[in-house]
Each structure stands twice: as structure tokens, then as C-alpha cells.
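Below, each value reflects all heavy atoms present in this structure, side chains not excepted, and no hydrogens, waters or symmetry copies. Ligands are counted one by one from 1 in listed order, and the atoms in each one are counted from 1 as well.
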Amino acid sequence: MTILRIRKYGDLILKKRCEMVRDEFNNIKRLIDDMFETMYANLGIGLAANQVGVLKRVIVTDVGTEGARKPIYLINPEIIEMDGEEILEEGCLSLPEIKGEVKRKKRVFVRGLDTEGKVVKIDTIGILARAIQHEIDHLDGILFIDRMDKNQKKALSLRLNKLRKATKRELRSLSEGK
Ligand code: CO
């Protein structure tokens with residue numbers, strides 16, 4: 001397994017819509033292993049494929065603890081039902097040290113595929129429901145800061161600009177190093 005480089009705010013891949021996985025399930029298995037490894041190494045509770053540079057509809061989450069992990073992944077996840085509303089603070093591995101309150105649905109009923117191509121259904125509430133919504137947003141190019149209210153986002157604008165510039169610098173030096 002490999003720890004992949006996490007794409008940070010300012011990297012345009014985070015704004016892109018990921019494509020459905022059709023038949024490359026063997027490659028996807030390895031991608032999922034690497035995404036879990038990357039998520040755990042960075043102490044995250046969720047990760048979407050475009051955050052590691054792959055434009056495929058794949059998410060991983062783990063809202064468990066180190067002693068009792070609860071790894072969950074979904075290929076081509078799709079929310080079928082959602083209800084309730086809750087405002088809670090969120091963060092994101094692509095936006096280190098940035099936190100903000102986001103209104104999301106309390107419950108989601110989501111459907112996706114496993115690595116055998118079989119249908120998986122998850123009906124959940126609380127932190128897992130939130131993580132799934134956050135990660136599916138990533139697949140559509142949406143970040144949690146895009147769902148924050150305007151004033152909250154404005155209050156973060158200096159830090160966001162700084163982060164975006166740092167990412168652009170990092171991307172430039174990576175491409176020069178090639
Ligand atoms: Co995120």
C-alpha cells in the first residue's frame with residue numbers, strides 16, 4: 001500500500017467532477033487500499049478519490065477509533081434518501097487547519113458498489129452520514145467551505161488565500177522537479 005499525496009485547496013482537481021467507475025475494478029481495489037492508508041496516515045475520517053488525484057467516483061471513510069476501526073468504502077456512491085438537518089463543525093484533509101460549520105442532512109440512505117461490483121446499501125445517521133455527504137460532495141467538485149454561510153467563509157478568506165497560494169507554489173515546484 002502507498003501513502004498518496006493529498007491535493008490541497010487551490011489544486012483545480014478538487015473542483016472537477018469525478019467519473020463513474022465502469023469496469024476497472026482491479027485498479028480500483030488498489031486505489032481503495034491506498035486511499036485508506038493515506039487517510040489513516042493523515043488522521044482523517046474520510047477521503048475522496050480526487051483528493052489523491054484520481055478522477056473516479058470512489059470514497060472511503062472511517063469514523064471509528066484506532067482500536068476499533070470501521071472502514072467503509074463505496075464505489076459510485078449515490079444518495080437515494082436523506083432527511084433531517086444538523087449544523088456541525090467540519091474539516092477536510094485538503095484544507096488543513098480550516099474548520100467551519102456546515103448544515104447537512106442528519107440521515108442518508110446511500111447506495112454504491114463494492115470491489116466485486118455488488119450493490120451495497122448504507123442507511124446511517126450522525127457522523128458517518130455527514131462524512132458520506134462531505135465525500136460525495138468532493139466527487140462533484142464541492143468543498144465544505146462552499147456550503148458554509150457567506151460570513152463564515154468571508155472570515156476565513158485570508159487563510160484560504162494563503163493556503164491557495166501555498167498550493168500553487170507547491171504545484172509549480174512539483175512540475176519543475178519533473
Ligand atoms: Co474533504
- Message: My understanding is that only residues two or more places apart in sequence, or in another chain, count here; which of them pass salt bridge (Lys or Arg N to Asp or Glu O under 4.0 Å) with Arg7?
- Response: Asp11
Check residues 18-26 and write down every donor-acceptor pair under 3.5 Å in which the side-chain atom is one partner and the other belongs to a residue at least two apart or another chain.
{"unit_1": "Glu24", "atom_1": "OE1", "unit_2": "Arg22", "atom_2": "N", "d": "3.2"}
{"unit_1": "Glu24", "atom_1": "OE2", "unit_2": "Lys56", "atom_2": "NZ", "d": "3.0"}

Show me the donor-acceptor pairs, under 3.5 Å and distance only, between side chains in residues 114-121 and residues at least two apart or in other chains.
{"unit_1": "Asp114", "atom_1": "OD1", "unit_2": "Glu116", "atom_2": "N", "d": "2.9"}
{"unit_1": "Asp114", "atom_1": "OD1", "unit_2": "Gly117", "atom_2": "N", "d": "3.1"}
{"unit_1": "Asp114", "atom_1": "OD1", "unit_2": "Lys118", "atom_2": "N", "d": "2.9"}
{"unit_1": "Thr115", "atom_1": "OG1", "unit_2": "Tyr73", "atom_2": "OH", "d": "3.4"}

- Message: Between Glu90 and Arg130 (salt bridge meaning N to carboxylate O under 4.0 Å), is one present in this structure?
- Response: yes
- Item | 2.8 Å shell around the Co ion (ligand 1), exclusive bound, protein N/O/S atoms | 3
- Message: Less than 4.5 Å apart, side chain to side chain, heavy atoms only: is that true for Pro77 and Glu135?
- Response: no
- Task: Check whether any side-chain heavy atom of Lys70 lies under 4.5 Å from a side-chain heavy atom of Leu128, and answer yes or no.
- Result: no
